[in-house]
Structures are given as C-alpha cells and as structure tokens.
Amino acid sequence: MSSEAKNLHWLLGNLVEEVPGVRSVAVVSSDGLMLLSSDPAHNKAPVGPGRSDGPRGSSADLATIVSGIGSLTVGAAKLMDGGGVKQTMVAMDEGSVFVMSISDGSLLGVHATPDCDMSVIAYHMALFVGRAGHVLTPELRSELRKSMESAQ
C-alpha cells in the first residue's frame, strides 16, 4: 500500500475514533464506488469503542446512500443555478447523514448519532476533505478501489 493510501486510512480512522457521535464513514468516488470505509471488514480502519457499524451494519450501505444524496443534490443545484454543492446534511429521528464534496468529485459521507454536535462533525469533515483532496489522484483512487475489492 502506498504512503498516500496509508495516510488516507489513518485520516479516516482518526475521524471515526476522535469525533464523538460518528457511527460510520465512507469515501465514495464520483462514479459511486466506495474508496474508503470505516467498516473493519473492508479496510481495517477501526470503528472505535462503543460505536455502531452504521446503517444496517455496513459502510457499503452508507456509500450507496452518500452516492445517491450526492447525485440528487448536484441535480438540484443545477436546476436552481446554485453552483457546486459543498455539503449536505440529513437530520433524522435516530441519526444524521452528512455528505461533503472532495475536490476531485469524490464524496465524504458520515453517519452520526442523533445527539452529535453537527458543527464538530462538519469541522472534522472539512479537515479530512482539505487533507485528502489534493492527494486523491486517479492513481490513488485506482489503488483504493483495488484494495476495497480484494477486502470483500
């Protein structure tokens, strides 16, 4: 695994472990494929003590949701001449889903508890996006996809 891939795995693990209320995290490519996941079965990124595995126990489900929300909001922004979508938040009775754009068209998605501090999660997501955006090259995306496929 390249140092860039290891760094992204570390950043993802840090996001999950250090931010209270985070249940699961997924990074999805612009074409909807999962690149990184907080699901230990996918990439060995730790979920952390007392954390739920996310929707239906799988970051793959979160990746699907993130991809769909991303597509819907991009379409809405085009219809409303709103420009690019930076972030989206869906608040539910039993949790929240946050989606943030990464510079290459990929998306960062977070599933969080209902009592999470939304501003703290948004801040840490922005830090991840800022750090990941410049290293998420086509070569690294290809490497991450291959590692996700071999983990399944």
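Being a predicted model, the structure only gives us computed values, none of them experimental. Just so you know, these numbers use all the heavy atoms, side chains as well, and skip hydrogens, waters and symmetry mates.
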side-chain contact (heavy atoms from CB on, under 4.5 Å) between Val25 and Phe128: does it pass, once the steps are laid out? CA-CA 11 Å; Val25 179; Phe128 181 95; over 6 Å; no
Where [X] and [Y] come nearest, the two heavy atoms and their spacing:
| X | Y | answer |
| --- | --- | --- |
| Ser67 | Gly32 | OG-CA, 3.5 Å |
| Val22 | Leu15 | CG2-O, 4.2 Å |
| Ile121 | Ala112 | CD1-CB, 3.4 Å |
| Gly21 | Cys116 | CA-CB, 4.3 Å |
| Gly133 | Ile102 | CA-CG2, 3.7 Å |

Check residues 71-98 and write down every donor-acceptor pair under 3.5 Å in which the side-chain atom is one partner and the other belongs to a residue at least two apart or another chain.
unit_1 : atom_1 : unit_2 : atom_2 : d
Thr73  : OG1    : Ile69  : O      : 3.0
Thr73  : OG1    : Gly70  : O      : 3.1

Rounded distance [0.5 Å steps], [atom1] in [X] versus [atom2] in [Y]:
| X | Y | atom1 | atom2 | value |
| --- | --- | --- | --- | --- |
| Glu4 | Leu136 | CD | CG | 10.5 Å |
| Ile65 | His111 | CD1 | NE2 | 7.5 Å |
| Leu35 | Leu140 | CG | CG | 8.0 Å |
| Asp117 | His124 | CG | NE2 | 9.5 Å |
| Arg131 | Leu8 | CZ | CG | 11.5 Å |
| Asn7 | Asn14 | CG | CG | 10.5 Å |

Mind checking whether Leu33 and Leu144 sit in one hydrophobic cluster, side chains of I, L, V, M, F, W, Y counted as touching below 4.5 Å?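 Different hydrophobic clusters.
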Apply side-chain contact (heavy atoms from CB on, under 4.5 Å) to residues Ser38 and Leu12 and explain how you reach the verdict. CA-CA 7 Å; Ser38 64; Leu12 182 104; 4.3 Å; yes
Walk me through it: do Ser147 and Glu143 pass the test side-chain contact (heavy atoms from CB on, under 4.5 Å)? CA-CA 6 Å; Ser147 72; Glu143 179 184 346; 5.7 Å; no
Do Val28 and Ser106 have side-chain heavy atoms sitting under 4.5 Å apart?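 With C-beta onward as the side chain, the pair stays apart.
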Which ILVMFWY residues can you reach from Tyr123 by hopping between side chains whose heavy atoms are under 4.5 Å apart?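 Grouped by the 4.5 Å side-chain rule, Leu127 form the rest of the cluster around Tyr123.
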With side-chain contact (heavy atoms from CB on, under 4.5 Å) as the test, would you mind laying out the steps for Met1 and His9 before giving the verdict? CA-CA 10 Å; Met1 188 180 294; His9 283 280; 3.6 Å; yes
Only counting residues at least two apart or in another chain, list the ones meeting salt bridge (charged side-chain N to carboxylate O under 4.0 Å, His left out) with Asp31.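 Result, salt bridge (charged side-chain N to carboxylate O under 4.0 Å, His left out) vs Asp31: Arg145.
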